[in-house]
Amino acid sequence: MGEAPETGHSPPLDWPGRLWLDGRTPVQVGDYAGQAEAGRGPMSKAEIPVFHNPAMTGSRTRSVLLLDQCLREDWLTKPGAKIRVLDGLAASAIRSRRWLSEIPTEYAERLRVTAIDADATALAWARANHQSHPPGLSDEVDAEFPMHERGLRILQGDLRARVLEAGWQWVDLDPFGPPTPFLDTVLQGLARVAVVDVTATDTAALCGAAADSARRRYGTMAVVDDLRHDTAMRVLLGHVASVAARHDRAIEPLMAIFDDHHVRVSIIARKSKQEASSFAENIGWRIHNPSNDEIAIGIARGLHPAGESDEPQLSVLIPWDTAPGGSFTGRISGPLWTGPLGKPEVYAKMTAERAVELCALDDKRDGDLVKRLEIPDSTIRDSQRLAAKAVRGLAEVAEVIDLPCTYPVDMVASLYSDITGPPSPTTLAEKLREKGWRAAKDFIAVPAVRTNAPWDVVIATVREIAPTK
Ligand SMILES: C[S@@+](CC[C@H](N)C(=O)[O-])C[C@H]1O[C@@H](n2cnc3c(N)ncnc32)[C@H](O)[C@@H]1O
């Protein structure tokens, strides 16, 4: 299973710690506060020997579903071919182990997963967990993938050095804080077509609240209003696109999400000098409280719904080459990605049924495991609830995810003195659909509606349903 960790004991010194279920994969974690409690993260990463964050369970569930989709639909390979997957900052390798255990065997057998971490103790726990709770895959040795055990190879080292060793077809990048130290090398270590999943927990920088960090890490600025979650996903996508372009790669977003304390973007990267050269077509700015001229630019470039309205609007996306003059501060967010946040068909398959089927315990299918580990019924129910929660609102937004405009209802209400309270986003979306527009309650962390309805239609509909003077 790879090189022996230099200092990691096997099993680790305080093994077996406590048993925890992440999705439906058992994992032994250190016996510390926040390690085996739903929704709570560790108090401080300095106080625990191996980083395990139960609050990221939902992120790992979505990652299982995305890789499952990729394998079923052969996004990266010929049907049935093996896939080289890198869990780049693996810690206890729980993400790798979940892919191998929860994706149905006929697809999981195609995975060749390498888990890398700099920390020997983390890898000792990863190794002991994989051996104590192995996935139900064959243990045949694959000559092209030496040193693995049931699909998983564990390597110690600095990701930035090791990522260049192979042409990875799938890379997961899940750092503490920003992904910026790793992106440049990761994007050079890819196969011609590859999926890259990038997590960033420095949401204050991506939203613009930590202005110095935003400038230093991403070269961006941002206005912190209720559009900040949409802005943060676009800032991260824009940054990934520009780093990819430097290495002759064009990106296509598959899925973006802002979940509580992190942003995660999943993209497919394709080697193409020509496409990479035109990456700036999807890079631009968000202008807050835009002028009519700025709105006209957005409309002309297909980034804003066409319509006749002289009433004030919340924001407009405009292309990179039309950056307005004057002072940017307080009015401009960007540069950021102005293209679609993801693919409708990817979001559409993020359903509660699918999440529960793959990632929650089932009495019948998992009967042996439930018996062996004496798992109580309440834990089975929790696993079902958490799996469904991980994808809440995602399939609903599939229909509109390609649209550039989202309208946080509190901001809409605050623009006009005759509107005294925000409308319900569900009702607003319904009414807009009745009028023939595409609209859905958005998945950003504040109540909002994503739609292609022009502003005059949005505001007339808000006046029909919101409290007014
Ligand atoms: C947030 S944790 C990863 C959590 C994990 N992906 C999960 O789902 O539980 C980040 C990990 O990155 C590792 N790390 C930090 N810098 C690294 C580097 N340069 N190369 C390899 N691993 C590194 C840390 O040891 C830590 O285990």
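Since the structure is predicted, the reported quantities are computational estimates derived from the model, not experimental observations. Read the numbers this way: they start at 1 and go in the same order the structure lists the ligands and their atoms. Counting begins at 1 with the first residue of the sequence.
- Those atoms of ligand 1 with a heavy atom of Gly157 less than 4.0 angstrom away are 20 (N), 21 (C).
- With salt bridges taken as basic N to acidic carboxylate O contacts below 4.0 Å, none links Glu102 and Arg60.
- Considering each of Asp174, Asp117, Asp158, the one bringing a non-hydrogen atom nearest atom 25 (O) of ligand 1 is Asp117.
- Thr406 and Asp442 form a side-chain donor-acceptor contact under 3.5 Å, judged by distance and modelled atom types alone.
- Panel note: side chain Glu396, backbone Ala440; no donor-acceptor pair is recorded below 3.5 Å.
- Contact annotation: Ala122 has no heavy atom less than 4.0 Å from any atom of ligand 1.
- Remark: ligand 1 atoms within the under-4.0 Å shell around heavy atoms of Ala91 are 3 (C), 4 (C), 5 (C), 27 (O).
- Near Arg95, meaning under 4.0 Å from one of its heavy atoms, ligand 1 places the atoms 8 (O).
- Remark: distances from the non-hydrogen atoms of Met56 to ligand 1 are all 4.0 Å or more.
- Heavy atoms of Arg160 found under 4.0 angstrom from ligand 1 belong exclusively to the side chain.
- Between the side chain of Arg97 and the main chain of Pro26, a donor-acceptor pair closer than 3.5 Å is present.
- Few gaps surround CH2 on Trp15; more than 12 heavy atoms of other groups in view lie less than 6.0 Å from it.
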message: Apply salt bridge (Lys or Arg N to Asp or Glu O under 4.0 Å) to residues Asp259 and Lys389 and explain how you reach the verdict.
response: CA-CA 11 Å; Asp259 182 5; Lys389 186 172 167 230; over 6 Å; no
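- Using a cut-off of 4.0 Å between Lys/Arg side-chain N and Asp/Glu carboxylate O, Asp368 and Lys371 are scored as not salt-bridged.
- Inclusion of Gly88 in the set of residues having an N or O under 3.5 Å from an N or O of ligand 1 is not warranted.
- The structure places CD of Gln384 at 12.0 Å from SG of Cys359, a figure rounded to the nearest 0.5 Å.
- Ranking protein heavy atoms by distance to atom 3 (C) of ligand 1, first place goes to Leu89 O, 3.1 Å.
- Here is the list of ligand 1 atoms found below 4.0 Å of a heavy atom in Asp119: 25 (O).
- Looking from atom 8 (O) of ligand 1 to the surrounding protein, the closest heavy atom is Arg60 NH1, 2.9 Å.
- Among the atoms of Ile116, none of the N or O lies under 3.5 angstrom from an N or O of ligand 1.
- We find that Asp402 and Arg438 are joined by a salt bridge, their nearest charged nitrogen and carboxylate oxygen being less than 4.0 Å apart.
- Arg228 contributes no side-chain N or O that, together with a main-chain N or O of Gly208, makes up a donor-acceptor pair within less than 3.5 Å.
- Where the criterion is an N or O separation shorter than 3.5 Å, residue side chain and backbone included, His52 fails it with respect to ligand 1.
- In this structure, atom 22 (N) of ligand 1 lies nearest to the protein heavy atom Ala118 N, 3.1 Å.
- Of the polar atoms of Asp87, none of the N or O atoms is found under 3.5 Å from an N or O of ligand 1, judged by distance alone.
- In terms of protein heavy-atom proximity, atom 20 (N) of ligand 1 is closest to Leu159 N, 2.9 Å.
- Residue contacts with ligand 1, taken as heavy atom pairs separated by less than 4.0 Å, do not involve Ser92 at all.
- Between Arg234 and Asp230, at least one side-chain N (NZ, or NE/NH1/NH2) sits under 4.0 Å from a carboxylate O, which counts as a salt bridge.
- Phe182 CZ, 4.0 Å is the protein heavy atom nearest to atom 16 (N) of ligand 1.
- Residue Ala93 places no heavy atom under 4.0 Å from ligand 1.
- Of the N and O atoms on the side chains of Ser59 and Arg95, at least one donor lies less than 3.5 Å from an acceptor on the other residue.
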